[in-house]
Participant: 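First, the structure itself, so that you have it in front of you.
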Amino acid sequence: IYETLNVSFDLWKKESDAQPYIPDMVKYFKEQGYAKISEGALVVEVKEETDTREIPPCMILKSDGATLYSTTDLATIVERMKLFSPDRIIYITDKRQEMHFETVFRCARKTKLVKEDTRLDFIGFGTMNGKDGKPFKTREGGVMRLEYLIKDVTDEVYKKIMENRGMDDKEAREVAAKVGLAALKYGDLSNQISKDYVFDSDRFTSFEGDTGPYILYTIVRIKSILAKYKEQYQEIGEDAGILPAMVPGELDLMLELSGFNEVINTAYEETAPHRICAYIYDLANAFNTFYHETKIIAEEDAGKRSSWIALITLVKDILLTCIDLLGMEAPERM
């Protein structure tokens with residue numbers, strides 16, 4: 001499934017990998033006076049005087065000596081600091097785990113498991129809900145498995161492609177796989193991660209509106225214009241300079257393009273892929289407005305024509321860069 005989603009990892013670690021670090025960590029907590037016995041359990045108090053809400057202690061061992069998630073999470077931090085000495089560790093789980101990680105992070109800092117400047121960030125995600133507003137389920141009422149969701153979305157896209165385009169079955173399947181994945185990923189990533197959202201297959205697979213297929217369709221449209229231009233004029237024109245804007249839609253498009261660096265930087269600083277989604281939707285809209293009000297290939301002035309080709313090539317390159325960051329890819333045609 002990860003392969004299908006175009007997701008890869010440099011390293012796979014299990015909870016059991018942290019186990020060897022637990023005995024020494026517990027011994028260290030006791031010797032340094034960080035841990036104490038409370039109602040038979042070993043805990044580290046993490047509440048601070050400035051707290052306005054109740055913060056429970058971080059439990060290290062239960063009264064019977066058994067470990068907990070907090071124990072292995074802390075031992076994992078020990079392992080990560082020892083092996084990688086990271087500047088930042090990001091945890092991504094259900095947002096209901098927030099208090100758990102709050103106590104773990106406080107404990108790690110209080111007991112000096114991490115350096116003072118090591119960032120520990122928790123990113124909690126919301127739930128994917130059906131049209132009824134309740135957690136997404138299959139028609140039979142069970143929990144929707146990701147592999148079935150991918151298949152359902154891809155089948156929906158395939159159906160739309162076969163209805164609207166003359167394309168052989170093999171190519172249609174390949175295109176549907178890319179477009180279906182974009183529909184799914186964009187539908188998920190375009191929402192602020194902590195918010196619950198409604199998964200609407202019809203809307204997410206639409207080729208219009210704020211959807212993955214619409215973004216891919218815009219890229220394919222630009223590729224098509226560039227191919228026709230090259231065929232007609234026997235030149236690429238992508239290296240030409242971009243002239244000052246000559247029509248209102250062109251100025252709007254240039255202004256959208258100029259926001260690229262800031263958007264990417266903000267998305268990185270906030271760990272927020274929805275910022276990139278919002279940007280490429282605005283950029284795709286700006287391009288399509290410009291496209292509908294400008295006869296690019298039919299323009300008689302060669303200077304204007306090559307400037308516009310250079311401009312839309314830049315749009316294509318930025319859109320491709322953004323969808324690559326989101327783990328999507330565009331087909332050659334749709």
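The structure presented is a predicted model; accordingly, all values stated were derived computationally and were not measured. The analysis underlying the following values was restricted to heavy atoms, covering all of them including side chains, and did not include hydrogens, waters or symmetry mates.
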Participant: Taking ring pair (Phe, Tyr, Trp, His ring centres under 6.0 Å) as the test, write out the residues that go with F199, two or more places apart.
Facilitator: F136, F204
Participant: The criterion is side-chain contact (heavy atoms from CB on, under 4.5 Å); which residues satisfy it with D87, sequence neighbours excluded?
Facilitator: none
Participant: With sequence neighbours excluded, what pairs up with Q19 under the side chain to side chain donor-acceptor pair (under 3.5 Å) test?
Facilitator: none
Participant: Tell me whether the count of non-hydrogen atoms from other residues, nucleotides or ligands lying under 6.0 Å of NZ in K228 goes above 12.
Facilitator: no
Participant: Take a 6.0 Å sphere around CD of E163 and say whether it holds more than 12 heavy atoms from other residues, nucleotides or ligands.
Facilitator: yes
Participant: Please enumerate all residues that pass ring pair (Phe, Tyr, Trp, His ring centres under 6.0 Å) together with F84, with sequence neighbours excluded.
Facilitator: none
Participant: Using the ring pair (Phe, Tyr, Trp, His ring centres under 6.0 Å) criterion, which residues pair with Y186? Sequence neighbours excluded.
Facilitator: none
Participant: Any heavy-atom pair between the side chains of F122 and E98 that's under 4.5 Å?
Facilitator: yes
Participant: Checking K151 now: which residues fulfil side chain to side chain donor-acceptor pair (under 3.5 Å) with it, not counting sequence neighbours?
Facilitator: D155
Participant: Could you tell me whether D17 and K14 make a salt bridge, using a distance below 4.0 angstrom between a side-chain N and a carboxylate O?
Facilitator: yes
Participant: Could you pull out all residues at least two apart from K170 that satisfy side chain to side chain donor-acceptor pair (under 3.5 Å)?
Facilitator: E174
Participant: Under 3.5 Å, side-chain donor or acceptor atoms of residues 25-38 against the rest of the protein: list the pairs with distances, not counting sequence neighbours.
Facilitator:
{"from": "Y28", "atom 1": "OH", "to": "T111", "atom 2": "O", "distance (Å)": "2.6"}
{"from": "K36", "atom 1": "NZ", "to": "E45", "atom 2": "OE2", "distance (Å)": "3.4"}

Participant: More than 12 foreign heavy atoms under 6.0 Å from CD of E300: is that the case here?
Facilitator: no
Participant: Other hydrophobic cluster members with I92, side-chain heavy atoms of Ile/Leu/Val/Met/Phe/Trp/Tyr under 4.5 Å, chained?
Facilitator: I90, I123, F125, I193
Participant: Each residue besides M162 in its hydrophobic cluster should be listed here, by chain and number; the cluster joins Ile, Leu, Val, Met, Phe, Trp and Tyr at side-chain heavy-atom distances under 4.5 Å.
Facilitator: Y158
Participant: Do T118 and M81 touch side chain to side chain, with heavy atoms closer than 4.5 Å?
Facilitator: yes
Participant: Go through the structure and list residues passing ring pair (Phe, Tyr, Trp, His ring centres under 6.0 Å) with F207, not counting sequence neighbours.
Facilitator: none
Participant: If the condition is side chain to side chain donor-acceptor pair (under 3.5 Å), which residues does D121 pass it with, not counting sequence neighbours?
Facilitator: R88, R119
Participant: Do we get R80 above Y91's six-membered ring, with its NZ or CZ under 6.0 Å from the centre and within 45° of the axis?
Facilitator: yes
Participant: For F9, I'd like to know if atom CZ has over 12 heavy atoms of other residues, nucleotides or ligands within 6.0 Å.
Facilitator: yes
